[in-house]
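Accompanying notes for the structure given below.
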Amino acid sequence: MHVLVTGGAGYIGSVTGALLLDEGHSVTVFDNLELGHRAAIDTRAALMVGDLRNADAIDRAIAETRPDAVMHFAADALVGESMAQPERYFGNNVAGGLNLAAAMLRHGVRRIVLSSTCATYGEPERLPITEDSAQRPTNPYGESKLMLERALDWYRRLHGLHVVSLRYFNACGAAGGRGEDHSPETHLIPILLQVALGQREQACIHGDDYPTPDGSCIRDYIHVSDLARAHLLALTTPASGAFNLGTGSGFSVKQVLAAARAVTGHPIPASVGPRRPGDPPVLVAAADKARQVLGWTPQITAIEDIIASAWEWHRAHPDGYGG
Ligand code: UDP
């Protein structure tokens, strides 16, 4: 298939693009290169530099490339930033996503795999979180993804668009020479590894007064190569709808810190700071639906293995992709 990958210069999009190519698909990346990295894009992929907020740009890209399917990764994805700049999130993630969907419908592209998020659930009533749990986001990031999920679901019902929404839990790790390089970095594992590399003095635990066994937030960390494989399965599944992508096991910030210390052999000093606005205490996936319907099984589930893959990448790329 020919797949248009929006956000294909980003972390998960670039890993998935490379896997698509390995599996014999062809790839056009559509990316504004604001947060992504040209160097992350597989050399076998075509690149169109453009911004989804520009309706004409994405319309032209779809008209010219006529893809069989779209994988839509391009988005802002930081909980904390979304609390400070909600308009950025609704503009880029919702309005940009709607421009993409409208262009697809106009040009007869009938299939989309959407990068969605566990942040659409907000504070879950029950754990682990199933796909039919109430969706009540606690931050504009989750709300923006939920709004796009809902709009696409109406396009599915009314226009027959085939939509698979993949609700990622915490993406992490590195694969095939591609890793996490955000500027500024806000994600837990890269920050811990930057301390281990001597690039930061210490890490900060964002709150240890949550209602969890050790007081720090619990997340379900899922390896980026497992996320990429789920996209390949989503590309051809006859099923539509939403799928959680997580391992089903949660680790607290303090447990991740301990694992990072063990993997790196570095003491990684850390202090406890205030809670980060918008953070729910526990997010852990029930991923049975993806297993049963997509036939997806996460392969790299031990937190030490996930951190080891990231550590290898960060040591080889101490400056990330180099700007
Ligand atoms: N976190 C932390 N210190 C940091 C970065 C993150 O304690 O320097 C916590 C954060 O509050 C959350 C968890 O680690 O509970 C995972 O955060 P991350 O930003 O990696 O992913 P998110 O859950 O926002 O997608």
Side-chain angles (χ1 to χ4, degrees), residues 10-12 35 73 75-85 89 93 115-124 127-129 137-146 166-174 179-197 199-224 227 244-247 249-261 264 266 268-285 303 306-307 309-311 314:
Y11 172 42
I12 307 167
L35 302 173
F73 296 91
D76 290 308
L78 300 178
V79 167
E81 183 184 66
S82 81
M83 296 292 277
Q85 301 176 52
Y89 280 70
N93 297 2
S115 299
S116 188
T117 167
C118 60
T120 59
Y121 294 112
E123 294 205 12
L127 289 163
I129 304 170
T138 54
N139 53 67
Y141 166 54
E143 187 74 49
S144 69
K145 288 286 184 171
L146 179 57
L166 298 178
R167 294 182 186 147
Y168 313 158
F169 282 63
N170 282 62
C172 48
E180 243 178 305
D181 177 7
H182 301 111
S183 182
E185 190 54 76
T186 63
H187 291 104
L188 179 62
I189 292 174
I191 283 179
L192 298 178
L193 299 181
Q194 285 175 353
V195 179
L197 281 172
Q199 296 173 337
R200 286 176 190 257
E201 293 269 303
Q202 59 165 6
C204 174
I205 297 166
H206 295 328
D208 75 346
D209 57 351
Y210 285 96
T212 60
D214 68 20
S216 63
C217 284
I218 294 176
R219 295 288 181 270
D220 184 332
Y221 293 88
I222 180 76
H223 196 272
V224 66
L227 290 180
N244 286 342
L245 299 181
T247 64
S249 300
F251 296 98
S252 71
V253 174
K254 290 181 183 175
Q255 287 174 317
V256 175
L257 173 62
R261 285 171 174 159
T264 62
H266 188 282
I268 311 183
S271 61
V272 177
R275 291 182 177 197
R276 192 174 65 176
D279 262 347
V282 184
L283 293 171
V284 176
I303 191 69
I306 289 173
I307 294 173
S309 80
W311 180 228
H314 282 272

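Residue numbers start at 1 and run along the sequence shown. Just so you know, ligand 1 is whichever comes first in the structure, and atom 1 is the first atom listed for that ligand. Predicted, not measured: the structure shown is a model, and the values here were computed from it.
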Student check: side-chain heavy atoms of [X] and [Y] closer than 4.5 Å:
X    : Y    : result
L193 : I307 : yes
E201 : P269 : no
I191 : I189 : no
I303 : Q255 : no
E81  : Y89  : yes

Per-atom contacts of ligand 1 with [X], taking only distances under 4.0 Å to non-hydrogen atoms:
X    : answer
I205 : 7 (O)
T186 : 5 (C), 6 (C), 19 (O)
I191 : 8 (O)

What is the nearest protein non-hydrogen atom to [atom], stated with its residue, atom name and distance?
atom                    : result
atom 18 (P) of ligand 1 : H187 CD2, 3.8 Å
atom 23 (O) of ligand 1 : N170 ND2, 2.9 Å
atom 17 (O) of ligand 1 : R276 NH2, 3.5 Å
atom 4 (C) of ligand 1  : H206 NE2, 3.3 Å
atom 14 (O) of ligand 1 : V253 CG2, 3.5 Å
atom 15 (O) of ligand 1 : C217 CB, 3.0 Å
atom 11 (O) of ligand 1 : D279 OD2, 2.6 Å

Donor-acceptor check, side chain of [X] to backbone of [Y], threshold 3.5 angstrom: yes or no?
X    : Y    : result
H223 : A171 : no
K145 : A119 : no
S82  : N139 : no

*Between Y221 and T247, is any side-chain donor less than 3.5 angstrom from a side-chain acceptor?*
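There is no such pair (donor and acceptor under 3.5 Å, judged by atom type) between the side chains of Y221 and T247.
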*Ring geometry between H182 and Y11 (parallel below 30°, tilted from 30 to 60°, perpendicular above 60°)*: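 Aromatic pair Y11/H182 classed perpendicular.
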Checking contacts here: is it the side chain or the backbone of [X] that comes within 4.0 Å of ligand 1, counting heavy atoms only? Could be both or neither.
X    : value
L78  : neither
L188 : both
F169 : neither
R219 : side chain

*Within less than 4.0 angstrom of ligand 1, does Y221 place any heavy atom?*
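Y221: in contact with ligand 1 (<4.0 Å).
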_Please confirm whether C204 approaches ligand 1 to less than 4.0 Å, judged on its heavy atoms._
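The answer is yes: ligand 1 sits under 4.0 Å from a heavy atom of C204.
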